Amino acid sequence: QHLPLQKSLLQEEESQQQRQRRIVPSAQTPRDALIRIEAALDLNQLPSEEDIQLIIKPLKLGRRKEIFRRILLEHFDLRGKCVPNKSSSSKMTFITQSTVEQLGEFVLHKINEKIA
């Protein structure tokens with residue numbers, strides 16, 4: 001009796017992932033990379049390195065810091081004072097006090113560690 005319910009839940013999850021893939025843009029722009037990163041996070045997947053690199057570049061694109069913070073929390077269980085600070089004598093910096101570039105580089109480093 002429980003088997004059909006489990007099957008329907010799996011089918012629903014698969015169809016949700018298919019819908020998500022259809023609406024995710026494939027262009028190589030920072031804005032589209034941000035959308036792909038959010039979609040990956042919503043599906044509990046690790047975003048691609050290429051997308052992270054696209055949104056690190058300095059430009060006017062909101063929510064980057066929020067996205068990096070979400071990646072660190074959801075995939076690496078990191079929060080608070082966890083970002084290495086290369087420019088200061090103190091060893092770690094709070095996520096909220098880090099620049100977008102610092103956070104992006106740290107996220108890339110953590111992704112590379114996890115993949116390797």
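The shown structure was predicted, so the numbers you read here are calculated from the model rather than taken from an experiment.
In this structure, the side chain to side chain donor-acceptor pair (under 3.5 Å) partners of R70, at least two apart in sequence or on a different chain, are D42, E74. Checked against side chain to side chain donor-acceptor pair (under 3.5 Å), N112 has no partners two or more places apart in sequence or in another chain. Partners of P30 under the side-chain contact (heavy atoms from CB on, under 4.5 Å) rule, at least two apart in sequence or in another chain, are L59, L61. For the side chain to side chain donor-acceptor pair (under 3.5 Å) test, residues two or more places apart in sequence or in another chain that qualify with E113 are H109, K110. The side-chain contact (heavy atoms from CB on, under 4.5 Å) check on Q28 picks up R36, L54, with sequence neighbours excluded. Applying the side chain to side chain donor-acceptor pair (under 3.5 Å) test to T96 and every residue at least two apart in sequence or in another chain returns nothing.
A side-chain donor-acceptor contact under 3.5 Å links K114 to the backbone of H75. Distance alone, capped at 3.5 Å, is enough to place a donor-acceptor pair between the R64 side chain and the K57 backbone.
Here the CG-OG1 distance, from D51 to T29, works out to 9.5 Å after rounding to the nearest 0.5 Å. For the atom pair F76 CZ and L46 CG, the distance stands at 5.0 Å (nearest 0.5 Å). For the atom pair CZ of F106 and SG of C82, the computed distance is 5.0 Å after rounding to the nearest 0.5 Å. One distance of note links CZ of F68 with CD1 of I52; it measures 5.5 Å at 0.5 Å rounding. D77 CG to L72 CG: the interatomic distance, rounded to the nearest 0.5 Å, is 10.5 Å. How far NZ of K65 is from CD1 of I55: 13.0 Å, rounded to the nearest 0.5 Å.
With respect to R63 and E38, a salt bridge is recorded, a charged nitrogen being found less than 4.0 Å from a carboxylate O.
Proximity of L103 to R69: side-chain heavy atoms (C-beta onward) are nowhere separated by under 4.5 Å.
When every heavy atom of E49 is checked against every heavy atom of I115, the shortest pair comes out as OE2-CD1, 3.7 Å. Nearest heavy atom pair, residue P47 against residue A40, reads CA-CB, 4.2 Å.
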query = Between I71 and I37, does a side chain to side chain contact (heavy atoms under 4.5 Å, CB included) hold up when you go through it step by step?
reply = CA-CA 9 Å; I71 293 168; I37 290 169; 4.1 Å; yes

Task: L108/Q53 under side chain to side chain contact (heavy atoms under 4.5 Å, CB included): CA gap, chis, key distance, verdict - done: CA-CA 8 Å; L108 273 177; Q53 289 172 341; 3.6 Å; yes

